[in-house]
Amino acid sequence: MKKLIPLSFLYLFTFCQEKPAPPEPVFPIPHERQIAWQQLEFYGFVHFNMNTFSDREWGFGDEKPQQFNPSALDARQWARIAKEAGMKGLIITAKHHDGFVLWPSEYTEHSVKNSPWRDGKGDLIQEFVDACREYGLKVGIYYSPWDRNHPDYGKPEYITYMRNQLRELLSNYGEIFEVWFDGANGGDGWYGGANEERKVDKLTYYDWENTHALVRELQPHAMLFSDAGPDVRWVGNEHGFAYETTWSNLMRDSVYAGMPEFSEKWATGQENGTHWVPVESDVSIRPGWYYHRYEDHKVKSLPELMEIYYKSIGRNSSLLINFPVDTRGLIHENDEKAILKMAEKIREDFADNLVKSAKISANTERGTGYEAELAADGDSETYWTVPDGEEGAFLEVDFGKEVSFNRLLLQEYTPLGQRVKAFSLKKEVNGSWEKIAEGTTVGYKRILLFADQQASKIRIVFEEGKAIPVIAEIGVFNAPKLLLAPEISRDKSGMVTLTAPDEGLEIWYGLDDSEPSQHYSEPFMVDKSSTLRVVSIDAKTGNQSEVMQKELELAKEKWRSEAERAIDENPGTYFTVQNNELVVDLGEKIQLTGFTYFPMQARYPSGHITRYSFEISLDGKNWEPVSEGEFSNVANSPIEQFIRFEAKEAKLIKLKALQTSDGNAATVGEIGVLTN
Ligand code: FUL
């Protein structure tokens with residue numbers, strides 16, 4: 001006869017099984033729209049507008065709509081590539097600093113409606129939106145508050161204009177997932193013919209409170225981006241790198257868009273930040289944001305792109321990679337190849353999560369519903385956590401056999417706030433625990449990279465936190481090694497040295513138009529302008545790195561200047577220019593076709609030249625100005641600048657700094673000449 005269980009027992013049983021209360025949230029916590037957005041992780045930028053045709057980074061505003069004339073524009077090609085690359089959305093530069101707009105706005109003539117493209121009947125925002133929807137991508141809008149074309153820029157009337165345009169963009173094209181407000185603001189411009197400098201008070205001019213309210217009204221689910229959020233903040237650099245310690249919490253009320261000290265003081269977020277304003281890392285796949293033919297071979301290499309991936313998505317940030325769409329209106333073949341290689345490598349690195357087939361336990365558990373296994377169930381809605389006040393909690397992963405690995409992935413359950421301040425990874429070696437890696441913040445996602453390890457048991461120890469850890473997911477991976485290209489260095493005399501990234505690799509190279517078919521054994525001389533291609537080869541496996549290409553110019557052996565550090569072939573060193581004039585004696589007469597300026601490369605630089613003039617001389621007494629202009633965007637993106645002019649003979653060159661980014665004495669990382 002079956003024994004009946006007494007009712008009271010059943011009660012007790014259910015009572016014991018009942019899930020203990022979840023941990024108290026640690027404030028600030030994310031809004032629903034921020035949670036949904038963070039899960040996108042990876043999306044793309046499209047910089048395509050008037051600058052594509054004027055070959056600039058920042059147009060002055062005096063360009064003509066007739067210049068905008070792509071020959072084969074196909075937004076579906078952009079969407080296909082983004083989709084294949086694993087991106088979840090695309091953001092387009094609807095209006096950049098030069099003021100030209102990609103849709104037939106009712107409020108300006110400076111638009112596609114007056115361009116030859118599609119006989120003035122085109123609407124590029126519509127084509128973009130249609131393509132994104134077809135490929136299942138979210139749609140984002142970049143809108144530059146700074147407008148170097150508009151006559152009213154700087155006056156209250158312009159704010160009305162800007163809001164009218166936002167109303168068009170945010171009412172007529174369906175759901176928008178992110179609205180991107182650029183922090184670059186105010187300065188020289190055409191301004192309807194005034195040709196002057198206009199400074200605005202970045203804190204008050206745009207009346208952000210009401211501008212944001214308008215966006216919220218029209219697109220309640222859209223994330224609002226700027227240095228100061230309110231929903232998502234800038235990472236503070238244009239390399240696509242977040243920080244070892246990256247908080248989603250921000251002292252939001254202390255920050256405003258375009259403030260000079262943002263990168264240094266606020267970009268990492270703060271442990272005690274008052275608002276949840278997570279980070280987005282933005283970077284271009286080429287040096288510039290806009291297309292320039294001379295950058296066709298400067299598309300980022302696979303190792304560079306993977307470094308960006310790990311330093312953004314792997315550091316509690318989303319990643320926004322830019323495509324500088326070309327003058328045809330297409331993503332260039334080289335950029336497509338690069339992004340697809342990156343996508344493949346990401347898939348490869350995370351193909352097999354070793355915790356899936358392992359046994360997961362913890363030294364302490366909160367109870368039913370919060371067990372250790374929940375941190376490895378592939379469901380980021382469930383989590384492992386521990387009783388309140390518990391310290392030194394760890395998760396243990398027993399692989400059952402020795403495995404190799406080199407990546408650790410952690411995710412906090414962020415709806416309850418960001419908590420972890422320090423953690424470590426240990427492996428069991430003969431019964432004791434040896435530390436192999438450590439980190440600080442985790443947030444939505446943290447990935448640690450380390451040298452190959454072997455172990456059958458590991459522990460993830462939560463050393464310190466704002467409160468008990470609440471861990472949604474963990475992952476352990478064994479990413480295949482990436483073969484790196486050789487490093488190229490060249491001294492002033494022109495002697496080129498190639499260094500293999502690892503022992504046992506062969507180096508091959510080719511000069512000018514030839515492929516790398518020469519075996520490298522010792523340094524060689526290149527004293528003229530030339531193209532160098534190099535590759536590393538693992539002779540045992542036959543595996544090859546990517547081919548790296550570098551343009552070399554005339555050797556600087558005969559050059560003389562007091563600015564030795566600006567002509568030492570090392571942009572990592574720099575020279576501070578007295579009287580804002582830098583003179584170099586080239587030692588002989590040379591036919592010049594241009595010059596290059598590499599800004600100072602320090603993390604917190606000073607004295608970037610933003611307006612220059614360049615002069616040449618045959619005798620050091622009589623100087624002829626050959627070029628004057630702007631180095632756009634060097635403060636945020638200190639990439640090498642290439643300025644070309646009509647061929648001229650010179651024996652001396654002079655770079656004059658007419659303006660610097662911060663008003664400090666000009667600095668020069670490296671100066672060079674172009675001769676072909
Ligand atoms: C910067 C701009 O000045 C650049 O041109 C680019 O659009 C980048 C994404 O933001 O602030």
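As a basis for the values below, the full set of heavy atoms in this structure was taken, side chains included, without hydrogen atoms, waters or symmetry mates. In this text the structure is predicted, and so the values were computed from the model without any measurement. When a ligand or atom number is given, it counts from 1 through the structure's own listing order.
The ring-ring contact (aromatic ring centres under 6.0 Å, His included) test applied to Phe323 returns no partner, not counting sequence neighbours.
No side-chain donor from either of Thr441 and Thr245 sits under 3.5 Å from a side-chain acceptor of the other.
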Donor-acceptor list for residues 97-104 side chains, cut-off 3.5 Å, not counting sequence neighbours:
unit_1, atom_1, unit_2, atom_2, d
His97, ND1, Ser144, OG, 2.8
Asp98, OD1, Phe100, N, 3.0
Trp103, NE1, Glu168, OE1, 2.8

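In this structure, Lys64 forms a cation-pi arrangement with Trp190, its terminal cationic atom sitting closer than 6.0 Å to the ring centre and no more than 45° off the ring axis.
Applying the side-chain hydrogen bond (donor to acceptor under 3.5 Å, both in side chains) definition to pairs two or more places apart or across chains, those involving residues 122-138 are Arg76-Glu134, Arg118-Glu127, Asp123-Tyr173, Gln126-Asp130.
In this structure, Leu655 CG and Tyr612 OH are separated by 9.0 Å, a value rounded to the nearest 0.5 Å.
Protein residues with a heavy atom closer than 4.0 Å to ligand 1 are Phe45, His47, Trp58, His96, His97, Tyr142, Trp180, Asp182, Ala184, Glu238, Asp282, Trp289, Asn633, listed by chain and number.
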